[in-house]
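Each chain gets a letter, A, B and so on, in the order the sequences are listed, and its residues count up from 1.
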There are 2 protein chains.
Amino acid sequence: MAISERKKRILAAVVEEYIRTAEPVGSKAIAQSGCLSCSSATIRSELAELVAMGYLEQPHTSAGRVPTPMGYRIYVNELMQRQKLSLEETEEMNRRMNLKLQELDATISDVSRLASQLTDYPALALTARSAVTIRRFDLIYVDANTFIMVLTLSSSVAKSKLVQLPVSVDQTLVQRLSSLFNAGFTGITEEQVTPLLIKSTERAADDTMGLSSVIAAFVIETLTEANSPAAFVSGENRLLNQPEFRDPDKAHRLMSYLSGGGYVLPPGAEPQESGEIRVVIGPENAAEELKDSSVILASYDAGDNTRGLIGVVGPTRMDYSAVAAKLSFLAAGLSRRLSSGGAPPEGMHNKLIIKGDDPNEHR
Amino acid sequence: MAISERKKRILAAVVEEYIRTAEPVGSKAIAQSGCLSCSSATIRSELAELVAMGYLEQPHTSAGRVPTPMGYRIYVNELMQRQKLSLEETEEMNRRMNLKLQELDATISDVSRLASQLTDYPALALTARSAVTIRRFDLIYVDANTFIMVLTLSSSVAKSKLVQLPVSVDQTLVQRLSSLFNAGFTGITEEQVTPLLIKSTERAADDTMGLSSVIAAFVIETLTEANSPAAFVSGENRLLNQPEFRDPDKAHRLMSYLSGGGYVLPPGAEPQESGEIRVVIGPENAAEELKDSSVILASYDAGDNTRGLIGVVGPTRMDYSAVAAKLSFLAAGLSRRLSSGGAPPEGMHNKLIIKGDDPNEHR
DNA sequence: TATTAGCACTCGAAAGGCGAGAGTGCCAGC
DNA sequence: GCTGGCACTCTCGCCTTTCGAGTGCTAATA
């Protein structure tokens, strides 16, 4: 049976009222809300049909109605109207973003913290798997026992390590290694760093001390890290604001799942284009722990052709409209700030595009 | 009035029983526990005196006794016996530490996560303020618009940044800057990086584009970061395991305080020597939010003459003895692994001491 | 035929009452 | 000074009652 226009309006009213109050919604409340011009009795019969169709349910015989996941799905797909952010809200968000991201080098943890603060729900940030390679390789000779490795990645980030040796090496070996690695290890993927390649570099450099394999190990480590999808969750404790998580055990279960950081997207739920918003409702989630929670995801352009994902987790009764609006604003702001073209700033200090290890990272 | 030996034993029994059960402790329970050879009536009169002295209190007239902060204080200072860890426990802890710290480069977040996992309480990790300086300064010329800055710190960590310029520079300027900065900016503290110094370097290098100030900004940023005490909290959600935090509001208050990361030690509570354990009980805490929680702190030697601090947060009714034992084991293990002398490993791979930017850091 | 008003009914949540039990303080006897 | 006994107190859990929101149904109405 198709859903009539009036049923849709009633469904939307139920969802919105339930989101607002977290209490089952009665026919009278809908009639009084004024968006429908019919009596509570009419609404009652419509509600009964919506229950039969599976969009609503009753916690018990004499209670109001509550949306089912199916009901939320219809709401999100068809009924929800994109909420507009007020001027104050956009200003506030811009202010916060600028505060956090002024170094033009947003760590994934910053992004998730920001999303959590702005929405007042727990948030997670994920980076997509990408195909970063080494663009340039340098070894700086410091003294007989020390050198510095510097790897410049194709994502325009520099990574470095100080290596202290228990044995002496001479400067020419370091130089030989530097140019050999720069020739052989740039532009290749992690899988292409084979034992064979390492072995041949070792031989070519006349490296009898196994330095090559140490260096190669750092190369692999760096590539692995740069390419693997990182995840970061923050604001788990904001769950406790929600009445559905007043049960400490329930809250604890979800919070420790989130802290574990093993969030997996259900198939097909990944937003494809930058700026797209996806909503995963209750049982649509892959993880058992999320079966009665919803996740709203947005994707943003993190520069260097990689996309990042921000997600917000809440009860199925979450404010989809408001969160989606905030998230898409946030994603747009991040894309603008992070993609290399953006954010024309003032002053020499800002005109430079600086990317590298963030000294603000805690360690 | 001095506390008699018997009173002490009774107090210890109350504290331990209360820690175990989280229920007010009655006279009968103590009598039956067998550690005292007197009747419940005797114990009752002793309990009444302990209440009068302020070491115990009653939630209501006909309930058992609960330790006051003063009672916990006496217990921690005088009565608690250092708990021995079982062989399995030490092995488990060693295993976990090795797992986490195999790269010999423990980030502060790893340390706090470890402490939280091992104790099953929220944990925080702090690094003490230290006096790191730049040991060596390098600029690598990449192309006319790009160079890499590499800062080697006195703590033997290398930090790097890739700088992309909107204008062209020639290689000789980069070299000049490199040697001038290496001469002028090494070995000095953050405060000594004055505008005057920057200005004179700029002039000496014939730097008309203001590169010097950009570079100096990175130097300051790096020094600030390296020297400022970093804090990291993990496992906040474990609070929910504790019966005293079954009230979601209470739990939420403390969790958001902890997530804020603004933990301040009360004066005098900082453990002075590596390995020392300090306990801060309830109202002794500086922050209002912690007034009915306790913090157990241990200090460890993080290498490079800096000390780190790990703390565990729980209700005042926390298992001081067990946590202190675990924490001191953990601190000892960290000291051993992190101070440069330690951990003789096998194989070339491990013989090298590698310090630098951790590619395992999420960003 | 769709809508509305009226009404009896249902069921959960909140409020009140009650007894059980744990624990106390006190007192008299050893 | 310690102990057993005893009356007293207070909370907790359980049960019952009440209250009210909300329903489904039916008959009247546009």
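E78(B) contributes atom CD, which lies 9.5 Å from atom CG of L11(B) (distance to the nearest 0.5 angstrom). Annotation: the span from E46(B) atom CD to S4(B) atom OG amounts to 5.0 Å, rounded to 0.5 Å. Here S256(B) contributes atom OG and R238(A) contributes atom CZ; the two are 8.0 Å apart, rounded to the nearest 0.5 Å.
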Side-chain polar contacts of residues 67-74 of chain B - donor-acceptor pairs under 3.5 angstrom, sequence neighbours left out - could you list them?
unit_1, atom_1, unit_2, atom_2, d
T68(B), OG1, G54(B), O, 2.7
T68(B), OG1, Y55(B), O, 3.1
T68(B), OG1, M70(B), N, 3.4
T68(B), OG1, G71(B), N, 3.1
R73(B), NE, E284(B), OE2, 3.0
R73(B), NH1, N77(B), OD1, 3.1
R73(B), NH2, V279(B), O, 2.7
R73(B), NH2, E284(B), OE1, 2.5
R73(B), NH2, E284(B), OE2, 3.3

Report, one pair per line, the protein and nucleotides 8-12 of chain C atoms (nitrogen or oxygen only) whose separation is under 3.5 Å.
unit_1, atom_1, unit_2, atom_2, d
dT10(C), O2, S62(A), OG, 3.3
dC11(C), O2, S62(A), OG, 3.3

Expected rows: protein N/O vs nucleotides 15-17 of chain C N/O, under 3.5 Å:
none

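Comparing atom distances between the L47(B) side chain and each of dT24(C), dT3(C), dC2(D) picks out dT24(C) as nearest. Relative to the side chain of A41(A), the nucleotides dT3(D), dA5(C), dG25(C) differ in distance, and dA5(C) lies closest.
Paired with I10(A) under the rule side chain to side chain contact (heavy atoms under 4.5 Å, CB included), one option of I3(A), V25(A), I30(A) passes, and it is I30(A).
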Where do S259(B) and E236(B) land on the side chain to side chain donor-acceptor pair (under 3.5 Å) test, with the steps shown first? CA-CA 8 Å; S259(B) 303; E236(B) 297 99 314; 2.9 Å; yes

When you look at S234(B) and S112(B), which way does the side chain to side chain donor-acceptor pair (under 3.5 Å) test go after all the steps? CA-CA 6 Å; S234(B) 29; S112(B) 85; 2.5 Å; yes

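For the pair E46(A) CD and dG24(D) P, the computed distance is 13 Å after rounding to whole Å. Distance, Q58(B) CD to dC8(D) C1': 14 Å, rounded to whole Å. Per the geometry, CD1 belonging to I43(B) stands 13 Å off P belonging to dG25(C), to the nearest Å. dG1(D) atom C1' lies 18 Å from atom CD of E5(B), rounded to whole Å. Rounded to an integer number of Å, the gap from E57(A) CD to dT23(D) P is 14 Å. Atom CG in L50(A) sits roughly 17 Å away from atom C1' in dG22(D) (whole-Å rounding).
Shown here are the salt bridge (Lys or Arg N to Asp or Glu O under 4.0 Å) partners of R246(A), two or more places apart in sequence or in another chain: D249(B). Listed by chain and number, the residues in a salt bridge (Lys or Arg N to Asp or Glu O under 4.0 Å) with K28(A) amount to none (sequence neighbours excluded).
Between the side chain of T119(B) and the backbone N or O of A115(B) there is at least one donor-acceptor pair closer than 3.5 Å. Here the side chain of R65(B) pairs no donor or acceptor atom with the backbone of E57(B) at under 3.5 angstrom.
Regarding contacts with the backbone of dT24(C), a side-chain N or O of R65(B) is found under 4.0 angstrom from either OP1 or OP2.
In terms of polar N and O atoms assigned as donor or acceptor, the side chain of R44(A) comes within less than 3.5 Å of the base of dG6(C) in a complementary pairing.
Scanning residues 22-30 of chain B for heavy-atom distances under 4.0 Å to DNA chain D yields an empty list.
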